[in-house]
Amino acid sequence: MPELPEVQTVVNDLIAAQLIGQTIVTADVHWNKTIAPLKPKEFRTKIANQTITHIWRRGKYIILDFQSDWHLLIHLRMSGQLQLVPQTHERSKHEHVVLLLNDGRDLRFHDTRKFGRMILTQNPTNILNELGPEPLDQNFTRNQFRTMLKSRNRRLKPLLLDQTFIAGLGNIYADEALWEAKLHPLQIAAKVSPRKAVNLYYAIRKVLERSIVNRGTSLGSGKSNFASAGQRRGENVVNLQVFQRTEQACPRCQTKIRRIIVGQRSTHLCPKCQKL
DNA sequence: GTCTATGTTTGCGG
DNA sequence: TCCGCAAACATAGA
């Protein structure tokens, strides 16, 4: 269930696997909601003969730009995976959309829980402009982040998960960043001191950058856990300090890590390091 | 059978 | 308008 580092890893792998320059011959759609609002027939007609010119990421979206003015936005949601395999490769029941490429490979969208989306559009900015700033963008400054926090009367955890506030954070890295910055998930954003706000800014960048270096976080051993385009798992789980470490010792002070529910989401914190 | 899940949207109600 | 909450989407694994 990918967040920014996992999505970036998929993008990097697709580029490394020479997806740029490929032309889509046709598409097989087995679950219509994945490509909504288009119907399979329109989707197939419009995506046929499109040549991929760029592959990039914005928030948790993977974007394929085509030689025309069309774009394919891919959101993996909870269980989506992209697989680049030879067309002869046996199909599995969770491959809901298959794009057939002109070099004999398929780009397959594997998604057990069916929450993922492929949006074929001429106006990607309609969707992408709704997103908050990119945390790793050079133009995203600590002063900007401090100002953003000041005007919000929301609790930090749900705010960090809000993609219109800041793009790309999910449950793992929100918990990890708050621990790194020694901030309580229930703290109101507007009441965070300027100093702590800057700490949080750097904490967010640190946990995301470190995870990208490690090709993202894959948890457990289940099939729907994160794996990149080459079916390869991420190695970042070794860097998690609080996430899914309930009852284990805080790496900083040895206090037992607690799990609470915030905004319907499981939340992990050190009650000693992260005071309200 | 129960509970949990790395995400997002919708429809309330305060 | 801002904010929080519950439910929905659909499936697998413990």
Side-chain angles (χ1 to χ4, degrees), chain A residues 1-10 30-37 57-62 73-82 92-97 109-119 127-128 130-132 148-179 185-191 204 207-208 210-212 214-228 233-246 259-268:
Chain A
M1 310 178 208
E3 309 177 28
L4 187 154
E6 291 75 31
V7 176
Q8 185 63 54
T9 300
V10 173
H30 301 108
W31 186 256
N32 295 0
K33 281 188 183 173
T34 304
I35 55 155
R57 179 194 60 75
R58 173 81 173 94
K60 297 175 194 170
Y61 285 94
I62 296 159
L73 306 194
I74 303 170
H75 201 300
L76 303 173
R77 292 277 182 99
M78 298 287 272
S79 61
Q81 296 181 11
L82 288 176
S92 96
K93 70 168 177 177
H94 295 303
E95 288 167 356
H96 305 307
V97 179
F109 193 41
H110 184 283
D111 187 19
T112 42
R113 291 178 65 180
K114 298 180 177 171
F115 292 164
R117 294 292 178 262
M118 282 185 145
I119 304 164
I127 294 167
L128 301 180
E130 292 298 309
L131 297 173
M148 286 163 59
L149 286 180
K150 249 191 299 188
S151 63
R152 295 307 208 105
N153 289 305
R154 289 179 75 183
R155 303 168 304 176
L156 286 173
K157 173 75 187 276
L159 188 60
L160 292 181
L161 293 180
D162 183 345
Q163 301 299 301
T164 69
F165 178 75
I166 188 166
L169 287 175
N171 214 28
I172 295 177
Y173 303 108
D175 281 4
E176 292 295 315
L178 288 170
W179 177 86
L186 295 177
Q187 163 109 42
I188 300 299
K191 295 185 174 175
I204 289 168
V207 299
L208 294 177
R210 184 173 58 194
S211 184
I212 290 173
N214 288 294
R215 301 177 44 83
T217 302
S218 297
L219 298 167
S221 52
K223 210 180 159 197
S224 46
N225 288 309
F226 170 72
S228 185
R233 291 164 57 85
E235 307 297 334
N236 192 61
V237 69
V238 297
N239 289 310
L240 301 186
Q241 312 294 306
V242 282
F243 192 82
Q244 286 193 354
R245 295 178 54 85
T246 312
R259 174 179 177 270
I260 59 175
I261 301 295
V262 182
Q264 296 178 293
R265 306 301 302 278
S266 161
T267 299
H268 311 78

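Throughout, protein chains are lettered first and strands after them, A, B, ... in sequence-line order, and every chain is numbered starting at 1.
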(Q) Side-chain N or O of R265(A) versus OP1/OP2 of dA5(B): is the shortest distance under 4.0 Å? (A) no
Residue set satisfying side chain to side chain contact (heavy atoms under 4.5 Å, CB included) with H96(A), at least two apart, ordered chain then number -> W31(A), T34(A), H94(A), D111(A), K114(A)
Stems field, DNA chain C, Watson-Crick or wobble, 3.5 Å, at least 3 pairs, by first number, holds B:2-5 with C:11-14, B:7-14 with C:2-9
Collect all protein-nucleotide pairs involving nucleotides 12-14 of chain B in which both atoms are nitrogen or oxygen and the distance is under 3.5 Å.
none

Taken in chain and number order and not counting sequence neighbours, the residues that satisfy side chain to side chain contact (heavy atoms under 4.5 Å, CB included) with R57(A) are L4(A), V7(A), Q8(A), V11(A), E134(A)
Taken in chain and number order and not counting sequence neighbours, the residues that satisfy side chain to side chain contact (heavy atoms under 4.5 Å, CB included) with R215(A) are T9(A), D13(A), S228(A), R232(A)
Residue set satisfying side chain to side chain donor-acceptor pair (under 3.5 Å) with R210(A), at least two apart, ordered chain then number -> none
Side chain to side chain contact (heavy atoms under 4.5 Å, CB included) filter on K191(A), not counting sequence neighbours, yields Q187(A), I188(A)
Numerically ordered, the residues 153-160 of chain A set in heavy-atom contact under 4.0 Å with DNA chain C is N153(A), R154(A), R155(A)
Sequence neighbours excluded, the answer for ring-ring contact (aromatic ring centres under 6.0 Å, His included) partners of F109(A) is none
Is there any protein nitrogen or oxygen under 3.5 Å from a nitrogen or oxygen in nucleotides 8-11 of chain C, and what are the pairs?
| from | atom 1 | to | atom 2 | distance (Å) |
| --- | --- | --- | --- | --- |
| dA10(C) | OP1 | K33(A) | NZ | 2.9 |
| dA10(C) | O4' | R113(A) | O | 3.3 |
| dA10(C) | N1 | R113(A) | NH2 | 2.6 |
| dA10(C) | N3 | R113(A) | NE | 3.3 |
| dT11(C) | OP1 | K114(A) | NZ | 2.5 |

Quick note, salt bridge (charged side-chain N to carboxylate O under 4.0 Å, His left out) partners involving residues 157-170 of chain A, not counting sequence neighbours, are R154(A)-D162(A), K157(A)-D175(A)
Is H75(A) close enough to dT8(B) that one of its side-chain N or O atoms is under 4.0 Å from OP1 or OP2 there? yes
>> Measuring to OP1 and OP2 of dG7(B), would you say a side-chain N or O of Q163(A) lies under 4.0 angstrom away?
In response: no
Residue set satisfying side chain to side chain donor-acceptor pair (under 3.5 Å) with E95(A), at least two apart, ordered chain then number -> R108(A)
